[in-house]
Each structure stands twice: as C-alpha cells, then as structure tokens.
Amino acid sequence: MERFGQLELDYLAKVIASGTLNSKTGKFTTRLEERFAKWVGAEYAVAMNSAMSVLHTAVAAAGVGPGVEVVCDPVVHFGGAAVMYHNGVPVFCDIDEDSWNMDPDSLEACITEHTGAIICTPMWGNPPDYDGILQVADRYGLPVIEDVAHGVGGSYRGRPLGTLGTIGSYSFQEAKHLTSGDGGMAVTDRTDMVEKMLEMRIIKTTLGWNYRMTELQAGVMLAQMDRADGIISAHHKAGALYCEAAEETQWLVPQRVADGCVNAYHAVAFRFEGDREGISVERFQKTMVEHGCPVSIGYKRRSAAEDPIFTEVLAYGKGCPIRCPHYTGNARYGKGVTPVADRAVPRMVVMPMDVYTPGRTEEYSEKIRAGLKALA
C-alpha cells in the first residue's frame with residue numbers, strides 16, 4: 001500500500017489546473033470539508049492549516065477567554081497549550097490507569113465556578129469513557145472538545161471518534177492515519193460553533209488568525225480519503241498482531257479497550273510492568289532495539305501537568321494567562337497533581353508503526369515476540 005503516489009499527483013494536477021491555490025476562491029477545500037463531514041457523520045466540517053489551529057479555534061468557539069478554566073487530560077500537552085493560546089487556564093485532571101484516558105471522577109473533581117470547557121483525548125486512538133465524560137459535561141453545562149488527532153478509524157459504541165462531543169479536532173500531520181503533510185479538520189453539529197470557527201479562521205471583522213488550509217493540502221487529503229479504508233484497516237491489523245505478540249508476557253499490558261469501542265491504533269501502546277519481574281525499562285528498551293524493534297517510552301515521560309509551558313508560565317510573560325488579574329482560581333501544576341498519570345506516563349511503551357512497507361507489520365510483530373522471549 002502506497003503512502004503517496006499517482007492518486008495524490010492526479011489531485012494536485014487538478015488543483016494546479018484550476019488556477020487557484022487559495023481556499024478562499026478555490027473549490028477543493030470545500031469539497032474536502034463536505035466529504036469529511038459526511039464520512040464521519042457530522043453536520044459541518046471546517047478545514048484548517050493544522051490541528052493546533054483547530055484546537056485553538058475550538059477553544060475560542062467554546063467561549064474560553066481570560067480567567068476561564070478548561071479541564072484537560074494530562075498525557076499530552078496540546079490541549080492545555082491550545083487553552084493558553086486563547087488566554088484560558090488549563091486544569092489537568094487524572095487518567096484511568098488501564099486506558100490512559102480521562103477519568104470522569106477526576107474530571108468532575110476539577111470543575112469549579114471558573115470552568116468553561118473540557119478537552120478530552122483518545123490517547124493513541126483508544127476511546128475514553130464518553131458516557132462518563134458527557135454525563136459530567138451535561139451536569140455542568142460544559143462543551144466538550146475532542147482532540148482526536150489519533151482517532152481516525154476509532155469509534156465509541158458505533159459512533160466515530162470526534163462526533164460525540166461538541167467539537168471534534170482531527171489532525172492531518174505527517175504521522176497521522178491520513179495526512180496532507182500538515183493540516184486539520186474541525187467537525188460539529190452546532191451552527192453557532194461552526195460560525196465562530198469560520199470567523200476565527202480568517203481576519204475579517206473579528207480578530208482571526210489566517211488558519212486556512214491551502215487547496216494543495218486539500219487535494220492531497222482528498223486522495224488520502226480515497227485510500228482511507230485501506231489505511232485504517234492496516235492500523236487495526238497492526239494493533240491486533242502486536243497485542244497478540246505480547247499476549248504471553250504478563251508484564252506488558254495493552255491499553256484496555258472498553259466493550260463497544262474500536263481503538264484507531266494510531267500507535268500500539270502497552271503499559272510496562274517489567275520491574276515486577278526484575279526487568280528495568282532501560283533493559284527492556286535496549287533489548288527491543290537490539291531485536292530490531294525500536295520502542296519509545298512515554299510521550300515526554302512525564303505528565304503534562306509537569307511541563308514547563310505550564311509550571312514556568314512561558315506563554316505571554318508577566319505570568320499570563322495563569323497568574324493574571326482576570327483569573328481568581330487556583331489551578332495547580334507540577335508533580336503530584338495527576339498521580340495516576342505521574343506513574344503511568346513513564347511506563348507507556350509505544351511500538352514502531354509502518355503500515356506502508358509490505359510485510360513490515362508482520363515483521364515487527366515477530367521482532368516483538370523475539371525481544372520479549374529474550375527477556376523471559
């Protein structure tokens with residue numbers, strides 16, 4: 001299966017032949033938006049130049065501004081960064097240790113009079129407990145932004161990831177299932193939200209950011225959508241093979257996928273518990289590399305609550321937006337704020353993924369077996 005090929009070249013040729021590369025006057029970006037919305041089952045889709053642009057405009061559309069808190073999960077820092085882009089204050093709740101996703105009980109414990117929204121992330125493509133998260137959101141009247149950068153091809157009880165909350169944010173960055181090199185897509189069923197995001201995507205009568213996708217990006221993405229079923233199927237196959245390869249090892253525990261859910265498997269990830277058997281994470285990683293399976297550990301090997309972006313307030317200077325005269329809350333950062341994530345993140349094992357080289361998935365699954373056998 002090709003990552004890129006004649007299909008993308010054909011679409012790019014059509015874009016160039018159209019005489020415009022700007023989505024303001026072009027037609028390919030609009031075609032992509034209409035196609036993507038229909039594909040995931042959303043009313044509206046808005047294409048942008050990156051997923052971070054989508055997250056930022058989603059935060060803005062949700063009404064977040066100075067002094068407003070947004071509860072985020074702590075495995076990655078992107079949601080929290082998007083909140084600070086719009087002068088909001090990220091608050092990190094904890095995760096479920098087996099799924100690595102937002103814990104609804106911890107989410108509810110983080111909600112205060114200052115809370116304006118929630119950002120949840122299906123980590124590595126594994127769906128979180130949407131029933132629990134949405135019940136909390138409904139109880140407090142809060143919009144839910146889904147950061148589904150990893151989530152194309154995943155579902156929760158039959159619904160595609162990105163369509164369960166108020167706004168879904170997809171990534172088309174190079175490492176994702178479907179890619180235009182960079183780019184992103186927002187989806188929503190709410191007219192008020194799509195109108196706000198469209199306003200934020202361009203400087204017009206409001207303070208926008210020129211987050212438009214180009215026609216060239218849209219052309220590549222249209223080709224990628226022609227390939228989507230095959231790409232998603234290949235990721236699911238890798239997930240099944242890798243999990244099967246690790247089945248006999250009690251100390252390498254796959255992410256728990258709840259009943260009725262489909263993991264998108266942007267990456268195949270496990271929780272390392274080898275220290276129970278006297279195996280250090282350093283020895284494990286070295287052995288896997290020696291067997292041709294270069295695993296990575298954690299994301300940044302720490303909870304996002306410990307990231308200097310938040311602990312040292314590196315955004316705007318003078319302590320803003322966290323230590324700002326508009327903010328009277330008490331958001332906390334640093335070690336201990338998210339104790340489950342503090343323990344889990346440094347133990348997250350992410351396997352190498354290459355679904356485009358013929359036979360590579362099977363090759364990696366055998367290398368996983370061989371490396372684990374050497375450690376037994």
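Only this structure's heavy atoms are used, side chains among them; waters, hydrogens and symmetry mates stay out.
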Note to self: For Phe92 and Phe310, I'd like to know if the aromatic rings sit close, meaning centre-to-centre distance below 6.0 Å.
What the structure shows: yes
Q.
For Tyr11 and Phe28: C-alpha separation, side-chain torsions, deciding distance, then whether ring pair (Phe, Tyr, Trp, His ring centres under 6.0 Å) applies.
A. CA-CA 9 Å; Tyr11 272 101; Phe28 288 88; 7.2 Å; no
### Short N-O contact, Glu8 and Arg227, less than 4.0 angstrom
yes
Report task. Answer whether the closest heavy-atom distance between the side chains of Trp124 and Gln255 falls below 4.5 Å. Result -> yes
Discussion item. So does Arg283 get a backbone contact from the side chain of Thr287, meaning a donor-acceptor N/O pair under 3.5 Å?
Written reply: yes
Between Val349 and Trp100, the two heavy atoms sitting closest are N-CH2, 4.5 Å
| message | Quick check on Lys300: does its NZ atom have over 12 non-hydrogen neighbours (other residues, nucleotides or ligands) under 6.0 Å away? | response | yes
In this structure, OG of Ser171 is separated from NE2 of His150 (nearest 0.5 Å) by 8.0 Å
Scanning both residues in full, the closest heavy-atom pair of Met102 with Ile119 reads CE-O, 3.3 Å
One should read off an interatomic distance between Lys27 NZ and Lys14 NZ, to the nearest 0.5 angstrom, of 9.5 Å
Is Asp129 reaching over with its side chain to a backbone N or O of Pro104, donor-acceptor style, under 3.5 angstrom? no
For Asp354, the salt bridge (charged side-chain N to carboxylate O under 4.0 Å, His left out) test, sequence neighbours excluded, returns Arg360
Start with the C-alpha gap between Thr121 and Asn101, add the side-chain angles, then the distance that decides, and say whether side-chain contact (heavy atoms from CB on, under 4.5 Å) holds. CA-CA 7 Å; Thr121 310; Asn101 288 318; 5.6 Å; no
Could you go through the side chain to side chain donor-acceptor pair (under 3.5 Å) check for Thr29 and Glu215 one step at a time?
-> CA-CA 6 Å; Thr29 303; Glu215 291 286 272; 2.7 Å; yes
Tyr265 and Asn263 have their tightest heavy-atom pair at N-OD1, 2.8 Å
Do Met84 and Ile322 have side chains that approach each other closer than 4.5 Å (heavy atoms only, starting at C-beta)? yes
In one Ile/Leu/Val/Met/Phe/Trp/Tyr side-chain cluster, 4.5 Å: Met353, Phe270 | yes
Test side-chain contact (heavy atoms from CB on, under 4.5 Å) on Thr115 and Val91 and set out the steps. CA-CA 9 Å; Thr115 308; Val91 173; over 6 Å; no
Please list every donor-acceptor pair under 3.5 Å in which a side-chain atom of residues 58-72 meets a protein atom from a residue at least two apart or in another chain.
residue : atom : partner : partner atom : Å
Glu69   : OE1  : Thr112  : OG1          : 2.7
Glu69   : OE2  : Tyr327  : OH           : 2.5

For Cys93 and Thr338, the nearest pair of non-hydrogen atoms, with its separation, is O-CG2, 3.4 Å
For this session: State plainly whether the residues Glu366 and Arg369 are in salt-bridge range, i.e. N to O under 4.0 Å.
Result: yes
Would you please test Ser99 and Asn126 for side chain to side chain donor-acceptor pair (under 3.5 Å) and show each step? CA-CA 7 Å; Ser99 70; Asn126 188 31; 4.9 Å; no
### Query
Is there side-chain contact between Tyr130 and Pro122, with heavy atoms separated by less than 4.5 Å?
yes
Please tabulate, for side-chain N and O atoms in residues 237-252, each donor-acceptor pair with protein atoms closer than 3.5 Å (sequence neighbours left out).
residue : atom : partner : partner atom : Å
Lys237  : NZ   : Glu362  : OE2          : 2.6
Tyr242  : OH   : Pro352  : O            : 2.9

Given side chains that start at C-beta, do those of Ile368 and Met351 come closer than 4.5 Å, heavy atoms only?
yes
Run the salt-bridge test on Arg212 and Glu33 with the 4.0 Å N-O cut-off and return the result as yes or no. no
Would you mind reporting whether Ile111 and Val136 have side-chain heavy atoms less than 4.5 Å apart? yes
Show which side-chain atoms of residues 175-185 pair as donor or acceptor with protein atoms under 3.5 Å away, not counting sequence neighbours.
residue : atom : partner : partner atom : Å
Lys176  : NZ   : Gln173  : OE1          : 3.0
His177  : NE2  : Val152  : O            : 3.4
His177  : NE2  : Ala264  : O            : 2.9
Thr179  : OG1  : Phe172  : O            : 2.8
Thr179  : OG1  : Gln173  : O            : 3.1
Thr179  : OG1  : Glu174  : N            : 3.4
Thr179  : OG1  : Gly181  : N            : 2.8
Ser180  : OG   : Asp182  : O            : 2.5

Next item on the list: Indicate whether the side chain of His86 and that of His56 have a donor and an acceptor atom separated by less than 3.5 Å.
Entry: yes
Distance col, row Met1:CE vs Thr357:OG1, nearest 0.5 angstrom, shows 10.0 Å
Residue pairs meeting salt bridge (charged side-chain N to carboxylate O under 4.0 Å, His left out), one or both in residues 139-152, sequence neighbours left out, come to Glu108-Arg139
Between the CG atom in Leu32 and the CD atom in Gln224, the distance rounded to the nearest 0.5 Å is 11.0 Å
Review point. Just wondering, do His235 and Ile232 contact through their side chains at under 4.5 Å, heavy atoms?
Key: no
Practice item. Would you please test Val15 and Leu21 for side-chain contact (heavy atoms from CB on, under 4.5 Å) and show each step? Key: CA-CA 7 Å; Val15 171; Leu21 306 184; 3.8 Å; yes
- Glu290/Lys286 ion pair, N-O < 4.0 Å: yes
| said: Does any part of the side chain of Leu372, heavy atoms only, come nearer than 4.5 Å to the side chain of Phe284, both counted from C-beta? | reply: yes
Between Asp103 and Asp96 the two heavy atoms that sit nearest each other are CB-N, 3.9 Å
### Side-chain touch Pro143/Ile118, heavy atoms, less than 4.5 angstrom
no
Residues joined to Tyr44 in its hydrophobic cluster, side chain to side chain under 4.5 Å directly or through other members, sorted by chain and number, are Val46, Met48, Val54, Ile167, Met193, Val194, Met197, Leu198, Met200, Trp209, Tyr211
**Asked** Counting N and O atoms only, with roles assigned by atom type, does the side chain of Ser233 sit under 3.5 Å from a partner on the main chain of Asp229, one being a donor and the other an acceptor?
**Response** no
Between Val262 and Gly153, the two heavy atoms sitting closest are CG1-O, 3.8 Å
| said: The test is salt bridge (Lys or Arg N to Asp or Glu O under 4.0 Å); show your working for Arg347 and Asp275 and say whether it passes. | reply: CA-CA 10 Å; Arg347 294 170 176 270; Asp275 44 1; 2.6 Å; yes
Exercise for the section: Using a strict 4.0 Å threshold on nitrogen-to-oxygen distance, state whether Asp131 and Arg157 make a salt bridge. Expected result: yes
Between the SG atom in Cys320 and the CG atom in Asn87, the distance rounded to the nearest 0.5 Å is 7.5 Å
Counting distance only, does the side-chain N/O of Asp98 pair as donor-acceptor with the main-chain N or O of Arg256 below 3.5 Å?
-> no
Donor-acceptor pair, distance only, cut-off 3.5 Å: does the side chain of Glu273 make one with the backbone of Val253? no
